[in-house]
Each structure stands twice: as structure tokens, then as C-alpha cells.
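Since the structure comes first, as C-alpha cells, the remarks are kept for the end.
Proteins get letters first, then strands, A, B, ... in listed order; numbering begins at 1 in each.
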2 protein chains.
Amino acid sequence: MKIQQPRRSRIQNKNRNVILDAALQEFSARGFSGTTIDQIADAAGLSKPNVLYYFPSKEAIYRGLLVGLLDLWLAPLRELDAEGDPVEQILGYVRRKLLLSRDYPNESRLFASEVLHGAPHMTEVLSEDLHDLVAEKVSIIAGWTASGRIAEVDPHHLIFSIWALTQHYADFDVQVRAVMGEGPDPYAGAMIFLEHLFRRMLAP
Amino acid sequence: MKIQQPRRSRIQNKNRNVILDAALQEFSARGFSGTTIDQIADAAGLSKPNVLYYFPSKEAIYRGLLVGLLDLWLAPLRELDAEGDPVEQILGYVRRKLLLSRDYPNESRLFASEVLHGAPHMTEVLSEDLHDLVAEKVSIIAGWTASGRIAEVDPHHLIFSIWALTQHYADFDVQVRAVMGEGPDPYAGAMIFLEHLFRRMLAP
DNA sequence: CCGAATATTGACCATCTGGTCAGGATCAGG
DNA sequence: CCTGATCCTGACCAGATGGTCAATATTCGG
């Protein structure tokens, strides 16, 4: 059964995307409640009623953003391959996730803000899609620890550590910059640090 | 030179604290913009005008919270002692920070939310107090790596990793619970995991 | 126990904000 | 080039929200 997809004209597609881009910028900077439809409209170069012509409500824009970005967000974990070399697979995941934080910091902050406030718009997604995906990858990692190919670590906490360590640089960007002062891009140093960390931690 | 401290009656002290407690609960759950003075007043068991009798504005409550909690938040890092055993000192810091996340999750989320949205109310605190404190501890750790007492890791990223790994469990609590399902307290497993991680990473 | 200082409140106000609507502009197909 | 569908807008509305104020209640020192 196919879900009814509304036909969209060229102009509709363009403007919907313009709005979503603007909304991402505003929501990620100020949060859901801190953002007004007027701000989104301004950032998108449209009038407020026009924005509401494309989306029925502010909440609809927000939800549209979240679901539209979910695949992007989960893709790096999906690629984790049971057949590959364990350490390289995990390091590859770390690398992909760190690059995602570097290249999509607004998306990172959007999800962070949502989860931080209890994920009121994604509870089902978290406990279904994310839960299942993680469960699948956890069993792969558990296989690796059981066979002694990597050190004995709790797979759940291993995954949490990858999320925490990589997203930190995007989510708490201002803090990182305030502490390190004006200097080179933190991501280069971060990658070196994380490679050292995970190689050491995972060595059998 | 002493800053003029207003004399506070017993009742003032009590109600100011009641308000700050209620505000912490509300702000940490819904963010600054998502929280109304009425919600704070209700949670505090006071009327809205009465809340505004003790604090001149919603923003004043928020700032009062942040500055009041700053010491609590930085205390674990302050205790890091150049004279102690390096690995034990760092592990001690990790432990204290993890317990702080477990016992003060609302405080953690309050700071996380503030930093996430660009720290509009704490920029100077970040780039002065926090920057200086971290700089001091970074030089201690740099001494340890230079003398070969711990592995060569970038001290800044080491501190970031401690922040990220410990605060993750408080800040993204719903996600952690959604992924792990109903089970035992995640903090026990987290402490075991983090001890393994940091011992391995830091071994000379 | 009294009067002054301190607390508390209901009523109120100005502004902001999400959302609506009727009508006008623009576009696409015939 | 005509017509219907799509797109866009100014004006508007209702409710929420931060904050004020005059008046009342309570507390506290003497």
C-alpha cells in the first residue's frame, strides 16, 4: 500500500525547500519555542501567510524537518558492516559521524535540542526506528567482543560514546571555541584524538 | 571592594529558593522560551505577580539560576590535582562528573540547552572563567603527557571527551532510555565502560 | 499591641504570535 | 489569449504572555 503523495509543482518544491532550509537555521539556533514563523519567513524571503500556504502550521514545518533529516542522521550507523574488520568498521563509523557533525552542525543541534527537551515530537521514532537499528548493530558488536576480536566493552555504551564524542563538537560549538580560543579547526585534532581513543579502547 | 548585597529576610530567602527550584525544573524541561512565568509560579506554589516581586523579570530568574549553579558545575574540574597520580586524578574527575550528571540531570540539561543555543546569557562566563580554569588544568595534563606519565593525548580534547561522555547520559536521557529499553540504571554500566575507556586511553 | 516594612494579589495592559481570510496577482494548459 | 488553478498578500483576529499597579494582607521590630 502506497501512501498518498501530493503532486507538487516546481514552485512548490522550491519554496518548500527554501522554507525548510530557513527553518533549520532558525530552529537549530533558537529552538522550537524560541523561533517565530515570522523569523522563518524572513529567512526564507517569503511572507508569513505564504509560509503558511505551504505548511499548515509551525509544528508541521518542524516535524517535516525532523523526518526529512532522519535518514541523513542514521545513515552512518546503517553502514556498519558485520563482515568488515571490527576496529576499522567502528573507526569508520566514528569518522563518518564526526564529518556529519562538522558538515551538518545545524542538523546536529536540531536533533540535540529535540532530544534534550524530551523528544516530544519523536518519541515513537526513538523507541522504534532508532531502537531497532541500534539493537541490530549492538548484536554485531556483541559478536565481535564474544569472539575476542575487540576488547570486551558494552556495545550500547560504545555506541553512546561515539554519539557523545562526535556530536559534542557541533552541539557545544560555542563552548569548544570559547575554551580553545581562536585557533585551528577543532575537528582535525578531534579526529586524531578519537582515533587514538578508539584504537586503544578496542584493542583485544 | 565588596558588592552591595541586599539584606534578605527569612521569607525572602525561602521564596527565592522555591522559585529557583521551580524554575530549574521548568527551564530544564522546556527551555527558556518554552517556559512561562505562570508555569514557574505554579510549580513554586506562588502567584505570578508574587514571583515578579522577588525577581524583576523572567530573564533575571534564568540568569540567577545559571550563576548560582556555575560553581557546582565547575567544582569537579577544580579538584583535579597536579600532585596526584595522573590516571587516578583523571578517573576521579570522570567519576565526579558522571555522578554530577546522575544526581543533577536538570542542571546538566539547563547548561546544555544554554550552550546549545549559543550561550546568549553566558558568553563572558565561558570565555573568561571557564576558559581560564580549563587552561590551568590543560597545562597540568600537558605536564603529565610531556613527562610520559600518561599517553600523549591532546589535553583539550581529553577534557571535551570527559564532558561529552558524562553529560550525554543526563542530557540525552530519553534517547538512552529509548535505545536501552527498560532496564537497570545506565549509570552503573557507564561507569564501568568509562573506567575501561580512560585507563586504556591514558596508559603510557 | 502598634505602626512601618514587607508580602501578596486581582485586575489590567501592551505586545507578540500563531493562524485565518478574502481578494488580487501570476502562471500553465488549451 | 482566455480561463481556471495556483500562488501570494495585507489586514485582521484571538489567545498567550511578560510585566505593572494600586490595594490589601501579613509580618516584625520596638
* By side chain to side chain donor-acceptor pair (under 3.5 Å) - contacts of B:Thr166 (at least two apart) -> none
* **Salt bridge flag under 4.0 Å for residues A:Glu195 and A:Arg200** => no
* Provide, to the nearest angstrom, the distance between the CG atom belonging to A:Asn15 and the P atom belonging to D:dT6. => 15 Å
* Asked: How does each nucleotide of nucleotides 20-30 of chain D score, in 5' to 3' order, for protein heavy atoms under 4.0 Å: base (B), sugar-phosphate only (S), or none (-)?
  -> BB------S--
* Asked: For A:Arg109 and A:Asn106, what are the C-alpha separation, side-chain angles and deciding distance, and is it a side-chain hydrogen bond (donor to acceptor under 3.5 Å, both in side chains)?
  -> CA-CA 5 Å; A:Arg109 282 187 280 267; A:Asn106 287 340; 3.1 Å; yes
* To do: Not counting sequence neighbours, list each pair that qualifies as a ring-ring contact (aromatic ring centres under 6.0 Å, His included) and has a residue in residues 67-117 of chain A.
  => A:Trp73-A:Phe111
* To do: Remember a base hit wins even if backbone is also touched, and classify B:Phe55 as base, sugar-phosphate or nothing at under 4.0 Å, heavy atoms.
  => nothing
* To do: Can you sort out the partners of A:Ser161 under side chain to side chain donor-acceptor pair (under 3.5 Å), two or more places apart, ordered by chain and number?
  => none
* Let me know the distance between OH of B:Tyr54 and P of D:dG19, rounded to the nearest Å. => 18 Å
* Asked: Is the distance from OP1 or OP2 of D:dC7 to the nearest side-chain N or O of A:Gln12 less than 4.0 Å?
  -> yes
* Apply side chain to side chain donor-acceptor pair (under 3.5 Å) to B:Glu83 and list each qualifying residue two or more places apart in sequence or on a separate chain. => none
* **Span of DNA chain C, from the first to the last nucleotide whose atoms fall under 4.0 Å of chain A heavy atoms** => C:dT17 to C:dC21
* Using a cut-off of less than 4.0 Å, is there contact between a side-chain N or O of A:Ser47 and OP1 or OP2 of D:dT9? -> yes
* Asked: Please give, in whole Å, the distance from D:dG18 P to B:Tyr62 OH?
  -> 14 Å
* **Spacing between B:Ile61 atom CD1 and D:dG18 atom C1', to the nearest angstrom** => 11 Å
* **Contact under 4.0 Å: A:Tyr53 side-chain N or O vs D:dC8 OP1/OP2** => no
* What ring-ring contact (aromatic ring centres under 6.0 Å, His included) pairs are there with at least one residue in residues 119-141 of chain B, not counting sequence neighbours? -> B:Phe32-B:His121, B:Tyr62-B:His121
* Using the salt bridge (charged side-chain N to carboxylate O under 4.0 Å, His left out) rule, collect all pairs that involve residues 177-189 of chain B, keeping only residues at least two apart or in two chains. => B:Asp173-B:Arg177
Contacts under 3.5 angstrom, residues 38-49 of chain A side chains, donor-acceptor by atom type, not counting sequence neighbours:
from, atom 1, to, atom 2, distance (Å)
A:Gln39, OE1, A:Arg30, NE, 3.4
A:Gln39, OE1, A:Thr36, N, 3.2
A:Ser47, OG, A:Asn50, N, 3.3

* Asked: Can you list, by residue number, the residues of residues 23-45 of chain B that have a non-hydrogen atom closer than 4.0 angstrom to DNA chain C?
  -> none
* Residues forming a ring-ring contact (aromatic ring centres under 6.0 Å, His included) with A:Trp163, sequence neighbours excluded -> A:Phe160
* **Euclidean distance, atom CD of residue B:Glu59 to atom C1' of D:dT17 [Å, nearest integer]** => 15 Å
* Structure fact -> So salt bridge (charged side-chain N to carboxylate O under 4.0 Å, His left out) across residues 58-72 of chain A, not counting sequence neighbours, yields A:Glu59-A:Arg63, A:Asp71-A:Arg78
